[in-house]
Amino acid sequence: MNKWSRRAFLTAGVLAGGGLIVGVAIRPGNRTPELAKLMEKSDEVLVNAWVKLSPDNRVTVIVPHVEMGQGAHTAMPMMLAEDMDVDWDTLSIEEAPAHEAYVTSDIARDFALPGKVPGIIDDTIKGAFIKISQFIDLQITGGSYSVRATGVRSMRVAGAAVRQLLIQTAAQTWNVPESQIRTDKSFLFHDRTGRSAPYVDFASQVVEQKASNTPELKPPSEFNIIGNNDIQRLDIPAKVDGSAQFGVDVIVPGMKYATIKAPAVFGSKIKKIDGSAALQKNGVHAVVNLGDAVAVISDGYWQAKKAIALVKIELEETGYEALNTAEMLDKFRADLDLAVLNGDEIEDYVSGDARNALSAASLTIDAEYSVPYLAHATMEPMNCTALIDGDTLRVWTGTQNPLGTRNALAKEFGFEPHKVSVHNQYLGGGFGRRATPDYPIQAVKIAQEMPGVPVKLIWSREEDTQHDHYRQAMVSRFKGGLDVNGAAIAWENQFHEKHEPVEAPDIPYAIPNKLIHYTDSPTHIPFGPWRSVDHSIHAFFTESFIDEMAVAAGDDPYEFRRRLLRDQPRIKKVLETAAKMADWGRDLPAGWGRGIALHSSFGTVVAQVAVVDVSGGDLKVDKVYCAADPGYAVSPDGFTAQMESGIIFGLTAALYGDITIENGAVKQSNFHDYPMVRMNTAPEIEVRIINSGEKLGGGGEPGTPPIAPAVANAVYAATNKRFRQLPIQL
Amino acid sequence: MIEITVNNETVNLDVEPDTPLLWAVREQLNLTGTKFGCGLAQCGACTMHLDGKPIRTCVTPVSVVAGRSVTTIEGVAHPDGELHAVQKAWIEQQVPQCGYCQSGQIMSAVALLANNPAPTDDDIDVAMSGNICRCGMYGRIRKAIKQAASMSSQRSSIQTDDAVQKEQVDRILNSETGPDIPVEVRNEPVSS
Ligand code: FES
Ligand code: FES
């Protein structure tokens, strides 16, 4: 039981009307005017989980993460409600405002210090890391961190602490031992004397209590809410009747609409524009030269869109005007060669002596893989509404990083940070795209043209596709060595441009000699994190090449992997589960194939088996089996949905995703030439969750990396043809 | 001024006649449940019903719908507030993730079931493949459609007291033809 405990500092305050507010503090620190409004007590603390108990005994949880479909607005309160014994039906949530107090320091901490930390020094580390994370403006929702970091470290602790305080108070008031008091659905009970009372009855006394710094968390065997599949997502009802408000839906009285057109070639600067024809159009208020883009402000989006086509733009040359995808790939290859030649590769993961082992191996194979650039294509195009009023700035948008956006705007435009407010809305897809604040900055630049007037900037789908921050294109080279018995003894992998997470190119397999190294090969294409970041790229490479090694060894791809996982029981079990689900080894009709792939990311182990049918001459993914171990699935159905989502997202990349560069610019523009998996091409997906009890892992991203290699491996099984490049085109 | 009926209310739209219905409804009527996804009849986010049939409103000029009857996601539930069977099934199956595509998905599904109360998987493929869900909830959408089809208490989605409209609705409900979607694909200028 104690392994769930975490040290925490608590602060409590009385709300107007007799309610209670309790925060779990990471460390004593600066109190801010925003928080002061919520509090009547003067304790000085920095808090990252809040719970409010209102006079009608209803509970509100303040969640420091944004909702972009991953279910954070449900999983977070579930974790708090579990340890506080809250009546789930009376619970509601609020998203935390963009404010330092809600900094998600756990993200920074886990990036910088992965792995286990002894409980006793936990607070010290958190204290240090909150400073870092404030400095780097993290209130980010990404890295599948909501549940695994904030949920475990703050939500559960807050819930347990509040419950303990209430029990202490009730025990004193009723004059009975604490151990005789039980809690259920926001009520306290003393069964022997038949007494019961709602939590809120003790609210005003709770603030006088001294809280334990190590509230006891429930063991999984006592969970009612965590892991309960009957709990429905809180945001779903508003998403079936049209009432959910996304960034693009914001209505501010007196609002004008704007759209934008940026030069096709990244980095182009605008020399001059002629907006006279556009300005003559009905309802057009302004044509704005932003230096790196043109905007039109008008009474409606359609008017702005029609008018912007009339703006004549003169550009400065960038030097990239002749650049195409093929030359970029050649440059990557040349840089890889050069790094080896010069011996200045950067070593990433090294064990044994791979180069020696390769020359001694009885069989070696090598291969070159590549992936193209990819856009995020969130369903909701980028948009942001901005209003400048004297020295204050208000923006309404959907962002994965509200605080970072606020601070970026304050800095860019010289506002006092506390005069900038970011009103975050539901995100019509994030996938990493909405972690970059380029579109709010643009919106504010445009709004500067009409101070006092709210302006809503909406990008067209074409802008969204052509001015994204892309998943990078990459070339990756492999050499594998087998001994006389067909055992894998050497693995060498070279690639270029490393981002995060650092472990993405590493493999779990027991190959004694391993050399993974990389070099830099920068381009002018803007980079952005794309669902699972480097994982989706490297998983395709490594899980395809391990398949090639299995084939070279004359072994079954599943058995080959399994043998190499002898020291990794957790990972092995996930692989075995996926194989069993898929009936691995059973015959398939001619022209069908089965492929397996395995990849761990964000603390979750995922194995997938794809079943493909190429008998008709084209590639049809018929079924995907997915086994996943997230440690413990807080919301099993929510986690399953995340796996399904991640698989379809990765499948779109495997089958279609191809952003090509022509003359320095992105060629694709909309869904007709940047296609997506649709209803008629979506496979059936079966997910099995393994609750191993290990440290909690993420859900939003880990489903994506294994699917592309699983499909490529299945295509190999069906056709004997190895596809080393995405998208797979038969 | 262009007069149309939206969710059984007559409204006048003060927009240029080539304005897509999507933008007129969102910006003039402040009905923002219908979404913009592509502007090119490629994604289905903007789906509304025109006289009961699903249309992509991002490419449907308001001039085309003058005098006709439009239903948006806000008008799908029964007037007494009870959700449509499709909406109930969407909650039951926990379909939405980000939710952005879901108004369009629901409009396509409601129209499908109005035409075809017991759709096969192939029928679902045909009716729903114009709607992209970037969050990939296709499996759940398929299940929810089947569940909605089997809900015995399913009430008609189209509420109208107007005899003429009723006749039209009946005709559409009984017609063999699937949803027809006025699609004018525009070749958008994409670079300067
Ligand atoms: S907005 Fe995509 S079809 Fe209309
Ligand atoms: S739920 Fe996000 S696009 Fe469908």
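Chain letters run A, B, ... following the sequence lines, proteins first, then strands; residues in each count from 1.
Side chains of A:Met679 and B:Ile124 form a contact here, defined as non-hydrogen atoms less than 4.5 Å apart. When side chains are defined from C-beta on, B:Glu16 counts as touching A:Asn282, because their heavy atoms get closer than 4.5 Å. Residues A:Asp637 and B:Arg140 are in side-chain contact: their nearest non-hydrogen atoms beyond the backbone lie under 4.5 Å apart. Side-chain contact check for B:Trp23 versus A:Ile458: some heavy-atom pair is nearer than 4.5 Å. The side-chain heavy atoms of B:Tyr138 and A:Ile685, taken from C-beta on, include no pair separated by under 4.5 Å. For the pair B:Pro96/A:Val240, a side-chain contact is recorded, criterion being any heavy-atom separation below 4.5 Å from C-beta on. Residues A:Val248 and B:Tyr100 are in side-chain contact: their nearest non-hydrogen atoms beyond the backbone lie under 4.5 Å apart.
Here the closest non-hydrogen pair linking A:Phe671 and B:Gly37 is CE1-O, 4.1 Å.
With rounding to the nearest 0.5 Å, the separation of SG in B:Cys38 from OH in A:Tyr674 is 15.0 Å. Rounding to the nearest 0.5 Å gives a distance of 5.5 Å between NZ of B:Lys35 and CZ of A:Phe246. Rounded to the nearest 0.5 Å, atoms OG1 (A:Thr74) and CD (B:Gln94) are 8.0 Å apart. Annotation: the span from A:Asp235 atom CG to B:Gln97 atom CD amounts to 9.0 Å, rounded to 0.5 Å. Interatomic distance, A:Lys239 NZ to B:Gln87 CD, rounded to the nearest 0.5 Å: 15.5 Å. Atom CE of A:Met379 sits about 4.0 Å away from atom SG of B:Cys43, to the nearest 0.5 Å.
No part of B:Asp121 comes within reach of chain A, as not one of its non-hydrogen atoms sits under 4.5 angstrom from that chain. Heavy-atom distances place no part of A:Thr465 under 4.5 Å from chain B, backbone and side chain included. With a threshold of 4.5 angstrom between heavy atoms, A:Gln303 approaches chain B through side-chain atoms but not through N, CA, C or O. Both the backbone and the side chain of A:Glu380 come within contact range of chain B, judged by heavy atoms closer than 4.5 Å. Heavy-atom distances place the side chain of B:Met137, and not its backbone, under 4.5 Å from chain A. With a 4.5 Å cut-off on non-hydrogen atoms, A:Ala377 touches chain B through its backbone and its side chain both. Within the 4.5 angstrom heavy-atom criterion, atoms from both the backbone and the side chain of B:Ile132 approach chain A. For B:Arg142, the parts sitting under 4.5 Å from any heavy atom of chain A are the backbone and the side chain alike. Only the side chain of A:Lys306 comes within contact range of chain B, with at least one heavy atom under 4.5 Å from a heavy atom of that chain.
Ranked by heavy-atom pairs under 4.5 Å with chain A, the first of B:Gly33, B:Ser129, B:Cys101 is B:Ser129. Ranked by non-hydrogen atom pairs under 4.5 Å with chain A, the options B:Thr34, B:Ile91, B:Thr72 are led by B:Ile91. With chain B as the partner, the residue from A:Asp249, A:Ile648, A:Asn680 showing the most heavy-atom pairs under 4.5 Å is A:Asp249.
Between B:Phe36 and A:Tyr301, the ring planes are tilted. Angles from 30° to 60° get that label.
A cation-pi geometry, defined here as NZ or CZ lying under 6.0 Å from the six-membered ring centre and within 45° of its normal, holds between B:Arg134 and A:Phe649.
A:Asp241 places no side-chain N or O within 3.5 Å of a backbone atom of B:Leu83 that could act as its donor or acceptor partner. A:Tyr257 places no side-chain N or O within 3.5 Å of a backbone atom of B:Glu27 that could act as its donor or acceptor partner.
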